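See structure below.
Numbers restart at 1 for each chain; the letters A, B, ... are given by sequence-line order, proteins then strands. Quick caveat, the model's predicted, so the values are computed rather than measured.
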There are 2 protein chains.
Amino acid sequence: MLTSSFSNQDYLSLFSLFNSIYPLSEELKAAIIKNSEVIEAHKKVKLLSVGERSNTIYFIVKGAARIYYLNKEGKETNTWFLFENELLISVYSFYTGNPSFEYIETLEDCKLIAVKRDKLDEMYLKYMEFNFSGRKLTEFYHMRNEMQANDLRMYSAKERYEHLIERNPQLFQRVSLGHIASYLGISRETLSRIRKQK
Amino acid sequence: MLTSSFSNQDYLSLFSLFNSIYPLSEELKAAIIKNSEVIEAHKKVKLLSVGERSNTIYFIVKGAARIYYLNKEGKETNTWFLFENELLISVYSFYTGNPSFEYIETLEDCKLIAVKRDKLDEMYLKYMEFNFSGRKLTEFYHMRNEMQANDLRMYSAKERYEHLIERNPQLFQRVSLGHIASYLGISRETLSRIRKQK
DNA sequence: TCTAACTTTTGACAAAAGTCAAAAAATCAT
DNA sequence: ATGATTTTTTGACTTTTGTCAAAAGTTAGA
């Protein structure tokens with residue numbers, strides 16, 4: 001994991017995301033740049049491991065990552081795939097400060113903007129309007145989470161697969177079927193059988 | 001559903017929740033009182049129905065409520081139970097403004113503090129520090145959501161039951177087994193069998 | 001390009017949970 | 001209190017999905 005040479009270019013998409021929610025002052029932009037770093041991570045690099053306390057939030061400038069845990073039999077189960085312009089954290093560990101029960105790992109070579117929790121908290125206290133954007137973003141991710149949980153409850157394996165391929169076909173270009181199977185909450189074999197029956 | 005005669009008493013627990021996150025100014029307290037109403041709702045009253053757009057967030061002063069949807073066969077499936085000092089919303093509909101796919105219904109006679117979304121948004125714009133508390137609360141509910149989704153993925157029906165009775169035994173005093181079964185993602189019969197085998 | 005490693009598919013069987021129907025138990029309203 | 005309604009339990013059977021093992025297909029390095 002390397003710290004990249006500095007370039008404002010890397011912050012464009014992050015600033016544009018924040019600006020679309022609440023106007024970002026030049027002062028706050030400068031604080032964000034000062035309190036974060038741009039890092040590059042190769043494919044299959046762990047950004048967080050089980051037992052560690054997460055203290056970093058990442059914004060994905062380029063690349064993809066997954067969040068997964070190991071079940072009782074030691075098999076990986078993916079809970080999220082995240083791509084460009086998305087925020088990447090272990091929600092439980094980052095918000096509670098408790099040790100993580102899940103891993104964060106890159107799926108592709110990534111360029112990330114990393115902010116430490118203490119720096120983020122400083123900014124939230126110093127720039128109250130930053131909480132406006134933070135709240136809105138948290139609401140959005142909360143909603144996505146709720147939708148995902150509802151999908152797991154409401155639909156059979158086959159329906160979940162059909163929804164996913166309809167709503168998110170690009171996922172299948174970037175993530176293997178084995179990874180997608182566990183994300184859907186089914187075994188690789190079951191996914192293979194679902195796909196075969198047309 | 002009745003509007004209660006006014007009493008500051010009803011706001012104590014709400015203010016104390018906010019105060020524990022970020023100091024609540026007298027001005028903001030007054031705004032909250034002005035922009036909300038205390039309502040009472042009997043048992044089994046629907047606060048939101050499928051197809052309606054949710055525009056109200058409730059704080060539960062007293063009582064209990066559930067959030068549920070109807071599956072394809074028309075059976076109710078509970079996704080959340082909420083009690084005193086908790087916030088009650090249909091996350092998807094309230095945050096997106098889209099029609100709800102779920103119901104909110106009281107489980108007991110309730111006293112609630114209701115805030116309309118437009119009033120809430122006004123307060124978020126006028127009192128920037130209110131976003132600090134809003135963000136923290138959203139983070140907390142987001143985290144709970146994530147934990148619940150992980151429980152659904154990681155554990156078998158029996159394990160989910162055992163976790164629930166261990167972590168939340170009071171739930172079984174206030175909510176019927178039929179309701180709890182659907183919350184656990186299993187049929188009433190399966191829950192009954194799990195309970196029998198000690 | 002060839003081999004090793006990984007991913008996906010297939011078949012046979014097993015386990016978990018659901019469905020349907022009916023009985024038993026608990027709760028509620030008059 | 002008591003009859004009616006609702007909730008919970010039980011039994012027999014079905015469906016869905018998982019597991020294990022092996023084959024086939026794909027990908028990525030050396």
dT17(D), dT9(C), dT8(D): which one has an atom nearest the side-chain heavy atoms of L177(A)? dT9(C)

How about Y11(A) and S36(A): does a side-chain donor come under 3.5 Å of a side-chain acceptor? yes

Please check the phosphate of dA17(C) (OP1 and OP2 only) for any side-chain N or O of T190(B) closer than 4.0 Å. no

Aromatic centroids of Y141(A) and H142(B) separated by under 6.0 Å: no

Consider the side chain of S156(B), meaning its heavy atoms from C-beta on, and name the nucleotide among dA17(C), dT17(D), dG11(D) that approaches it most closely. dA17(C)

Provide, to the nearest angstrom, the distance between the NZ atom belonging to K75(B) and the P atom belonging to dA17(C). 16 Å

Separation of atom CD1 in I194(B) from atom P in dT10(D), rounded to whole Å: 14 Å

Over all strands shown, is S176(B) touching base, sugar-phosphate only, or nothing at heavy-atom distances under 4.0 angstrom? sugar-phosphate

Roughly, in whole Å, what's the span from CG in L152(B) to P in dA16(C)? 18 Å

Separation of atom CG in L191(A) from atom C1' in dG18(D), rounded to whole Å: 14 Å

Aromatic Y124(B) / basic R135(A) pairing, under 6.0 angstrom, 45° off normal: yes

Nearest-nucleotide wise, let me know which of S187(B) and V175(A) is further upstream toward the 5' end of DNA chain C. V175(A)

Calculate the interatomic distance between R188(B) atom CZ and dA25(C) atom C1'; express it in whole Å. 14 Å

Rounded to the Å, how far apart are K196(B) NZ and dA24(C) P? 14 Å

F172(A) CZ to dT7(C) P: how many Å, rounded? 16 Å

Cation over ring face, R160(A) and Y183(A), 6.0 Å, 45°: no

To the nearest angstrom, the CD1-P distance between I186(B) and dT17(D) comes to 17 Å

Comparing R160(A) with E189(A), nearest DNA chain D nucleotide closer to 5' gives the residue R160(A)

R195(B) to Y161(B), cation-pi by 6.0 Å centre distance and 45° axis angle: no

